[in-house]
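For reference, the structure is listed below as structure tokens.
What's counted below: heavy atoms across the whole structure, side chains too, no hydrogens, waters or symmetry copies. The sequence lines fix the lettering, A, B, ..., with proteins before strands; numbering per chain opens at 1.
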Amino acid sequence: MSSLQNVHKPIFHIKEQLQELVSHSYLMRFIDQPYIDDDKLALLYAMFSESGVEEHKRSDCIKAVMLVQIALDTHDQITSNGITNDTERKNRQLTVLAGDFFSSLYYRMLSERNDIGLVRILSEAIQDINELKMCSYTDGKQDLERVLHLYKSIESLVVKKVGNYLGTTALTTFSHEVLWLKRLIFEKKNYVVEGTSGFVERIGQALISKTGEATGNEKESALEVIDACIEEARKKTGQQPELNRFFGQNFPESIFNITYSQKKIAEEG
Amino acid sequence: MKLKTIYASLKKDLSQIESALDKTIEANHPILREASKHLLKAGGKRIRPVFVLLSGKFGDYNIEQMKKVAVSLELIHMASLVHDDVIDDAEMRRGKQTIKSRWDNRIAMYTGDYIFARAIEQIAGLNKPEAHLILSKAIVEMSIGEIEQIRDQYNWNVNLRNYFRRIKRKTALLIAISCELGAVAAGTSPHVQKKLYRFGYNVGMAYQITDDILDYVGTEKQLGKPAGGDLLQGNITLPVLYALKTKRGQDGILPHFADLEQLDTIDIKNIISIVKESGGIEFSQQISNRYLEKAFHELEGLPEMPARQSLYQIAEYIGKRNY
């Protein structure tokens, strides 16, 4: 990671450019500003830097990957709930179109760079992620391992696929775990604050199908499962101390700091 | 002349493309696979692959190269239809239930994204950087066009220029680049590529105007959906734009536009009658014919060969089709 000095400025710059790309004036009147995951951005920056992609190409490649992720996340907001008014109708219509628009931008960006290799990788990632989402969405009762596997895979598939393509093995494994950890913490927080989480419910259902009967304590048990997964993911990220230290020190506000500080506390006793 | 007859010379290659389409969307997940093939099985004119193949005949025609372009463009078209049905909350397409209706919106979104990704993967196999530039720019423009179509819904103040730009992005652009990319994949000269692009653009414009006319004059059976559907969805097309320039149109139609979103089937029937009486259909037909003339003119500058004759016949068919 020694090659990654002064990472904040370029990452901030990429984020600004991304924000500008996805801020279509009419779309923004009806849909929320797309969420840009800073942690994914930082991981991708590290991957492209480590693999030796020249600086002038790096920024466009990272933006393209992020656009794919943003497009997929945007389409995840589409539900089948009934529409009750015109604003809701417009919101749904434009959410579909926004996802399509972001997706078209990634292809144009890489075509302009003639990086068709990355186009191919990203199109494979989109196919794979939709296969997994279909499993998660339609495959009825699933056992706990399967539920956790699907959620974990979906969370980091795009980043992981790019990491494999670039050959950044350690970073790819680290990303897979750290993004999973982030999701687990988010879902737990969400459940505690909002009192609801689709993820917690899915785990609860999986626990019922395991025992065959509902005990009424499934949500508590689901939270225990999440805690165990958090612990496991922390351990796995801790197995890469150099990456842990680097991200923890450079991104103190992000998920990396959670993994890093835990490690630090443990080391310092 | 029927399309089938025009397609006869391409029968073998089209059948290869049909198999490739089927194979390309062979997803692992059974529902994703079924949903992806659902629209494919409903058929369609396969106009875009036909334009790719015929345009390729002007250069070094290699079916393997043509296939990558043709399959990709048809899948891009299909993916957009799957998402359009979520946007329009449509129940039926090509006489069959839409994916969002047969399953639900979420599955339609996953399926559309999956098909689109397959399409890009296909064209990624073509080693022609300029092809990717042409296609990617067109896809961005088509996306912006769709967003602007939503913006202009129920806005009867749209002008003709706005309408033409909308139909270019909605239909003509993909047909234009089908011709252009067929020529690019076959390594023709830039001059031929340009001419074929312009041919496709003009045919595409005529095609969409004809579609817009049919929405007023077609029967539910011919259209596969009730007549006047465009207006019900708030899309102001050429026949009604023309009618609004006449006194009859202004007196008869404008009052309905005070609350366009509340239009019912009786209002629609009234508006259809007024559009017909005002000459909106004849005017639109004239404009469509003008685009066709321009398309024919582009063909005149191309080398004389059977493919040129077929392109001429398809353009003519589009101008005269009644469903």
Side-chain angles (χ1 to χ4, degrees), chain A residues 24-27 29-30 68 71-72 74-83 86 89-90 92-139, chain B residues 27-33 35 79-80 83-89 100 103-151 153-154 261:
Chain A
H24 184 286
S25 60
Y26 182 69
L27 284 178
R29 278 173 53 193
F30 292 92
V68 167
L72 290 164
T74 303
H75 279 170
D76 266 339
Q77 295 169 31
I78 300 293
T79 66
S80 293
N81 300 343
I83 296 286
D86 189 46
R89 183 171 57 86
K90 269 227 157 63
R92 178 172 293 167
Q93 291 176 324
L94 292 171
T95 304
V96 174
L97 293 176
D100 291 346
F101 175 57
F102 302 151
S103 193
S104 70
L105 291 177
Y106 101 79
Y107 179 39
R108 188 184 65 183
M109 191 164 275
L110 293 177
S111 295
E112 282 169 350
R113 288 232 148 268
N114 193 24
D115 194 343
I116 305 309
L118 190 53
V119 167
R120 200 176 286 123
I121 293 302
L122 290 174
S123 72
E124 275 175 29
I126 300 170
Q127 289 164 41
D128 292 352
I129 214 163
N130 282 294
E131 291 267 12
L132 292 174
K133 283 180 179 176
M134 205 63 121
C135 294
S136 179
Y137 185 59
T138 64
D139 287 359
Chain B
N28 292 325
H29 193 277
I31 298 179
L32 185 58
R33 188 166 59 239
S80 77
H83 284 179
D84 280 353
D85 290 335
V86 176
I87 292 166
D88 299 338
D89 201 17
K100 74 123 237 154
W103 289 277
D104 63 25
N105 280 348
R106 190 59 76 85
I107 289 181
M109 294 316 298
Y110 295 158
T111 307
D113 282 348
Y114 175 82
I115 296 175
F116 182 74
R118 281 289 195 192
I120 300 301
E121 188 186 39
Q122 276 294 307
I123 196 99
L126 188 72
N127 192 18
K128 299 261 181 190
E130 68 268 42
H132 299 291
L133 268 178
I134 292 166
L135 180 59
S136 64
K137 282 183 178 165
I139 295 172
V140 172
E141 204 175 327
M142 281 153 56
S143 291
I144 294 171
E146 288 230 54
I147 293 166
E148 290 185 359
Q149 177 164 317
I150 300 289
R151 184 194 64 195
Q153 266 180 341
Y154 300 106
E261 293 175 51

Evaluate the criterion salt bridge (Lys or Arg N to Asp or Glu O under 4.0 Å) for residue pair A/Arg92 and B/Asp89; output intermediate values, then yes/no. CA-CA 10 Å; A/Arg92 178 172 293 167; B/Asp89 201 17; 5.6 Å; no
Hey, which of A/Glu112, A/His24, A/Gln93, A/Glu124 has the most heavy atom pairs under 4.5 Å with chain B? A/Gln93
Interface moiety of A/Asn81 toward chain B, non-hydrogen atoms closer than 4.5 Å: neither
N/O donor-acceptor pair under 3.5 Å between B/Arg106 side chain and A/Thr79 backbone: no
With no hydrogens and no angle check, do the side chains of B/His29 and A/Asn130 hold a donor and an acceptor under 3.5 Å apart? no
Flag the one option from B/Leu133, B/Ile120, B/Asp113 with the top tally of heavy-atom pairs under 4.5 Å to chain A. B/Asp113
Show the nearest heavy-atom pair for residues A/Ala71 and A/Ser103, with the distance to one decimal. CB-N, 3.8 Å
Between chain A and each of B/Ile144, B/Ile115, B/Asp104, count heavy-atom pairs under 4.5 Å; write down the option with the most. B/Asp104
Tell me, do A/Leu27 and A/Thr95 make a side-chain contact under 4.5 Å, heavy atoms counted? no
Scored by heavy-atom pairs under 4.5 Å with chain A, the best of B/Ile107, B/Ile31, B/Asp84, B/Val86 is B/Ile107
If only side-chain N and O atoms count, and only distance matters, is there a donor-acceptor pair under 3.5 Å linking A/Asn114 with B/His132? no
For chain B, which candidate among A/Tyr137, A/Tyr106, A/Phe101 shows the most heavy-atom pairs at distances under 4.5 Å? A/Tyr137
Per-residue tally against chain A (heavy atom, under 4.5 Å) across B/Met109, B/Arg33, B/Lys137 peaks at B/Met109
Please flag which part of A/Leu94 lies under 4.5 Å from any non-hydrogen atom of chain B: side chain, backbone, both or neither. side chain
So which heavy atom on B/Ala124 is nearest to which on A/Ile116, and how close? O-CG2, 3.5 Å
Highest number of heavy-atom pairs under 4.5 Å with chain B among A/Glu131, A/Lys90, A/Arg120 belongs to A/Glu131
